[in-house]
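Structure, as structure tokens:
Letters go in sequence order (proteins before strands), and every chain restarts at 1. Values reported hereafter were calculated over all heavy atoms of this structure, with side chains retained and with hydrogens, waters and symmetry mates removed.
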Amino acid sequence: MQGEEAALACVDVSVRFGAVAALSGVSLAFAPGRIHAVVGQNGAGKTTFARVCAGMVRPTAGELRIGAQPVPVGKVNAARAAGVELVHQSFALPPSFTIAESMEFGATGSGGIFTRRALEARWTGHLKSLGVDTNLRTRIRDLPVETRQAVEIARALVTDAKILILDEPTAVLSPAGVATLFERLRLLSRRGVTIILILHKIREVLDIAETISVLRGGRLIEAAIPVAAIDAARLATAIIGTPSGSIEAADQAALVGGGGGAAPVETARVSAAAPAGPPVFEMAGVDTRPDGEGRALEGASLTIRRGEIVGVAGVEGNGQHTLVRALAGLAGLDRGSICLGGTDVTAHALAQRRAAGLRIIPFDRNSEGLSLTSALWENWSARRLLLGRLLSPIAPSRLRNACHASLKEWDVRFADTGQPAGSLSGGNAQKVILAREIDADASLVIAAQPTRGLDIGATAFVWQALRASRDRGCGVLLISSDLDELFDIADRVVVMLSGRIAAEFSAPYNLAAVGAAMTGAPQ
Amino acid sequence: MKGKVLSVLRALAFVVVALALCGVVFELAGFSAPLMFQSIADGAFTSPNALMKSLRWAMPLLITACGVLVSFRCGYFNVGAQGQFYLGAIGATVAVEALNGAPPALVVPVAIASGMVGGALWAAWPGFLRIRWGTDEVITTLMGNFLAGLLLVYLTSGPLKDPSGTGQVTASRPVALGYRIATSVGVSPTIIALTLATLVLVWLLVNRTAFGVLSSLAGRNPVMIVWQGAKLSSLGLSAFLVSGALAGLAGAIELLGPNGRLVSGFLPGHGFTAVLIALVAGLSVTGVAVVSMFFGGLAAASLYLPVIAGLPAAAIDVINAAIALFITARTFPLPAALLERLPARRPAP
């Protein structure tokens, strides 16, 4: 930073949430007008760092400087006034607002009475200059995910921000969407905006960043080193920590998103006998009734055989949630059929499908997967209890013992089976779900974003569990927005687009081809 | 188990604080607080026959509170126990009137069953509306209470009116002595047996059946249990039905026991006290047994207050309301509930 005033500097910042240290003694300075990346695995403290910079989290110690000026910490307005804007990982604009309204919402000095037309006139230019060319009357909720993010960025820039922080902006995008985003960011950088990107994929970091900082367990491992001074291998080690012999090389590459560009990913451990098994699941021409809970399926067909992992790729919002709900019997079908193990289960309720061997690791483990305020043993027993009759007698002590044994077997860290599920960490909570859902009677395991938000150890554990299920002869359906994950463990990858299965790929995978299929671009 | 005992103790601590607060209020209003507490203690426990009287009020309350507990645990805030209790009494009266002259061994069980069916039906329609269309059960069950109260007025001054009645309140004909299960003292082997049976069966239902665990999961997170393959409709409707049937049972017991006839607007606070009991007990069955005795004692003491402390009997309502206020503050501690969710909501940094 010599000779140059830092655009944003953190000095010895520490953040504690209760007993957990999210950040410890982080000192970082970002040079102005450049693109910086802050990387690390889940739980490394990246989001907390971004929130400290944007004034949303008040650090327990340390200070924040913008230019030469210290900024009051923990005050969003102060950070905003100093020109710092944050684009959230989960988008924050009100879904019912139109684009123009949400721009006005973020602007300062506006207020009073306005007309729709005046608003649109006011913001058209701003959006055009950022390459957003959409009708300003469109409501946020109706926008495709790429445009929605672009609008979020445009909203952040209405106040002439000097520093733009983006928290995991690529997580929801297709490869093509990522390319567009990076173009847009480079454009902003040329206009003098300092950009700080929170990322976790090495490939993307090396593609866009000018400097790289690495966080691990809340500590700063590498501080704003120029991208030329580091390579993928060193970066991977910095992110993961221990040069891990416990995690295989291909998994490790997938964990940090290090698989190089369009080069085929190593596929040695993908099951060799994949297509040999008989189908365990067949879905033919399924249309679901639109129910306001996500895009409906429109003629979706899919077959899963015994002993294979089928990955589902796709930009979020293309029907993945509905697919899982349809398989679970929780979405109304207009047309089509669903067969499980050779039996037509189209008209069957979830309880019957589960009795036939269907297991689900749902998207949201905190609401769909677990009851956080209920005891672990109750959460764990639910599936079994539902197989029997409502009034069948139970012996809680026996259930608790069985639960204890099962959770131990799945390496869950817990004190007592009576503790609420909400007291476990994300990784441990996911293992409780695995312990419940993966058993000897399972014939089809649906895993929806099973590793989202998990740290590297827990992610590798989940992958191992899915592979073990496959090797036992289960069919596995893995829905993930992380292509590295899919390429690493799926025997086959299908792409969902607009509520249907649009394409199918087998190993070795071509990132560019899968990415093109995700956006529906002609190949 | 330790945690449960602790939570009941904590709830009782709130009750003590509420009582102390009432003491201060009554003192400020010119009454004697020590005398008030003494008359409550006398009326509930120490005066001759006080325990008997406490038990008389405690037992129907216990039965209704057990029902309330079942629906609350399942996540349905059925506050219609009062109406379901009335329908129970009405059901029993109708059965007694219809079978007048038949042997008691037939009439009494049929009347009790009819009361339970009446209560269950009065819980069934709000349950159905809730499960089918998501209609807020707090509103519908509360409205159900008013409807049941008006139905009671109509029946006692119309179809079931006692032609020889001359009292200020309208009432049905007295139940023939042979069909009564208790005198106006209200404690009899039959009622004790029914109460104990309810206590044991509900304890078993809550703690030793799949329904107990699953309904508690549904009460805490209905989404999760649906993803496990549960039918919320059958879980919820059963909870409503059990809840209503037990309130109806209490109504039938009051009718065939201490009341002996259907009186318009009788025991107007019964169902609400039962809701209070279930909440103070932290939705635990053993807790309900203990807390019912306490509230039964308060009810018995309400007769003593005017005599000893010169307080109007309505003072007990004030005390109940104060307890309700403190208990709701304890049951829905908003900041704590939010804190509980924080670790789950906090995205991975």
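Contact detail for B:Asn207 and A:Ile394: the closest heavy-atom pair is O-CD1, 4.3 Å. A:Ala382 and B:Ile225 get closest at one heavy-atom pair: CB-CD1, 4.3 Å. Closest approach of A:Ala351 to B:Gly229, counting heavy atoms only: CB-O, 3.4 Å.
Under the 4.5 Å side-chain criterion, counting only non-hydrogen atoms from C-beta, B:Thr209 is not in contact with A:Leu390.
The contact between A:Arg354 and chain B is made entirely by side chain atoms (from C-beta outward), counting heavy-atom distances below 4.5 Å. If you measure heavy-atom distances from B:Leu205 to chain A, the contacts under 4.5 Å come from the side chain alone. Contacts between A:Leu330 and chain B at a heavy-atom distance below 4.5 Å involve the side chain alone, from C-beta outward.
Chosen from A:Arg436, A:Gln352, A:Arg359, the residue pairing most often with chain B at heavy-atom distances under 4.5 Å is A:Arg436. Contact count against chain B (heavy-atom pairs under 4.5 Å) is highest for A:Ser371 among A:Ser371, A:Ser374, A:Ser381. Counting heavy-atom pairs under 4.5 Å between each of A:Ala355, A:Ala50, A:Pro396 and chain B puts A:Pro396 at the top. Taking A:Leu424, A:Leu391, A:Leu387 one by one and counting their heavy-atom pairs under 4.5 Å with chain B, the maximum is reached by A:Leu391.
For the atom pair B:Lys231 NZ and A:Leu386 CG, the distance stands at 10.5 Å (nearest 0.5 Å). Atoms CH2 and CG, from B:Trp227 and A:Asp364 in turn, are 10.5 Å apart once rounded to the nearest 0.5 Å. B:Met224 contributes atom CE, which lies 9.0 Å from atom CD of A:Glu378 (distance to the nearest 0.5 angstrom).
A donor-acceptor pair under 3.5 Å is absent between the side-chain atoms of B:Asn221 and the main chain of A:Glu368, judged by distance alone.
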For this session: Kindly indicate, with the supporting measurements, whether the criterion side-chain hydrogen bond (donor to acceptor under 3.5 Å, both in side chains) is fulfilled by A:Glu437 and B:Gln228.
Result: CA-CA 10 Å; A:Glu437 301 292 338; B:Gln228 286 301 304; 2.9 Å; yes
Problem set entry | Chi angles and distances behind the side chain to side chain contact (heavy atoms under 4.5 Å, CB included) call for A:Trp377, B:Val213 | CA-CA 10 Å; A:Trp377 73 270; B:Val213 174; 3.8 Å; yes
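Residue A:Arg389 qualifies as open at atom CZ: its count of foreign heavy atoms under 6.0 Å is 12 or below.
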